[in-house]
Visitor: 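This structure is in structure tokens; I'll ask about it shortly.
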Amino acid sequence: MKIKSVEIRTIALPLVRPFRTSFGTQNDRELLLIKITMHDGVEGWAECVAMSEPLYSPEFTAGCQDVMERFLLPNLFAYGDIRAEDVAGTLRPFLGHQMAKAALESAILDAQLKLEGISFGSYLGSSRDLIDCGVSVGIAPSIESLVEEVSDYINQGYRRIKLKIEPGWDIEPVSVIRGMWPTIPLQVDANQAYTRNDTELLKKLDAYDLLLIEQPLDEHDIVGHALLAAKVSTPICLDESITSYESARDALALKATTVINIKPGRVGGYLESLKIHDLCVEHNIPVWCGGMLETGIGRAANVALASLPGFTLPGDTSASSRFFKRDITTPFIMEDGQLRVPHGPGIGVEIDHEFIEEITSARKLIPAK
Ligand code: NPG
């Protein structure tokens, strides 16, 4: 396939409720949408999961657009006849920028699979049609509102609850939710909010039968996570620290993590995600699919990934309604706590072009030279 042009749009979707984590509060989701048009007419779509500010990762929307325009796209245009499998290799000289690279690789993969009539799920090696849904619950203004929000999700059928925590919002919310729902699969996510000095506090979480504690310490503190993992009995799961196959391999070797959250954007794409999945299967390490407030475009590909055999824990693969009143694709609707893996070619969902127009704040068409 030869690329004819790439369109980069900035869109913003309001969230159904503010989403607070230890790194900030989101009221809406700004993101880049990528449409790649090939010379034979086929189009590939993807979203770039970077946020508008570099609070979760060093990447951010305007920076992603800049690196795409300045370095990544000229390289892909010059490559000529390209397949998704070629993208990571040709972009390797440009360091970092996994989210920008992942978006371009995914759009090319969508076009390629549409051309070949293959779904994302079949291409990646899906082993089931339905995946279990978990939900990520933000830091709430009060314990009462947290209980109300969690009850609502449990009534909707979510099969696993993840509570966002930070210093001052940890033991109490966890003990209240565990007390009210003694058997629901429950886990917590700190987004790097603690330090090595908080080991005694984090040990207290062992009393609540949690599936895992996600990314308690700084993303660079792999040794700190290994030291913590040796002291707490709850499994430690790395998220932000896992930015590639190599970082996953090394964190496993150091026993800094015994569960892995795979987010395709964070690791540079679905092909790198597949390598990490295979590594974890080989080491008998449970895997789950993280979420980054994706629209239906990114969610479709994540749901396909989450249907691989190593994804044995429910992911942050929630229904569209968890975040948006209206999605930009046919919405993902939960059936009995599960989402259906799309079967159509490529990402396999219908795109709502009219709605995308309405929420576009900027667009740029870049023709391949
Ligand atoms: O279900 O899409 C979802 C959100 C899950 O909590 C979630 N994501 O730290 O994992 C995270 C967090 C996040 C959201 C991270 C947005 C970065 C951006």
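Remember, it's 1-based here, ligands and their atoms both numbered in the order they're listed.
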Visitor: Any salt bridge linking Arg249 with Glu246? Criterion: basic side-chain nitrogen under 4.0 Å from a carboxylate oxygen.
Guide: no
Visitor: Taking the basic N atoms (NZ, or NE/NH1/NH2) and the acidic carboxylate oxygens, is any pair closer than 4.0 Å for Glu166 and Arg20?
Guide: yes
Visitor: Is Asp316 salt-bridged to Arg160, going by a charged N under 4.0 Å from an acidic O?
Guide: yes
Visitor: Is the NZ or CZ atom of Arg29 both under 6.0 Å from the centre of the six-membered ring of Phe324 and within 45° of that ring's axis?
Guide: no
Visitor: Please check if the side chain of Gln215 supplies one atom and the backbone of Asp239 the other of a donor-acceptor pair under 3.5 Å.
Guide: yes
Visitor: Can a salt bridge be assigned to the pair Glu219 and Arg266 using a cut-off of 4.0 Å between side-chain N and carboxylate O?
Guide: no
Visitor: Write out each pair where an N or O from ligand 1 and one from the protein are under 3.5 Å apart, with the distance.
Guide:
| residue | atom | partner | partner atom | Å |
| --- | --- | --- | --- | --- |
| ligand 1 | 1 (O) | Asp316 | O | 3.4 |
| ligand 1 | 2 (O) | Met292 | N | 3.3 |
| ligand 1 | 2 (O) | Leu293 | N | 2.8 |
| ligand 1 | 6 (O) | Ser136 | OG | 2.6 |
| ligand 1 | 6 (O) | Lys164 | NZ | 3.2 |
| ligand 1 | 8 (N) | Gly291 | O | 3.0 |
| ligand 1 | 9 (O) | Lys164 | NZ | 2.9 |
| ligand 1 | 9 (O) | Asp189 | OD2 | 3.4 |
| ligand 1 | 9 (O) | Asn191 | ND2 | 2.7 |
| ligand 1 | 10 (O) | Lys162 | NZ | 3.4 |
| ligand 1 | 10 (O) | Lys263 | NZ | 2.8 |

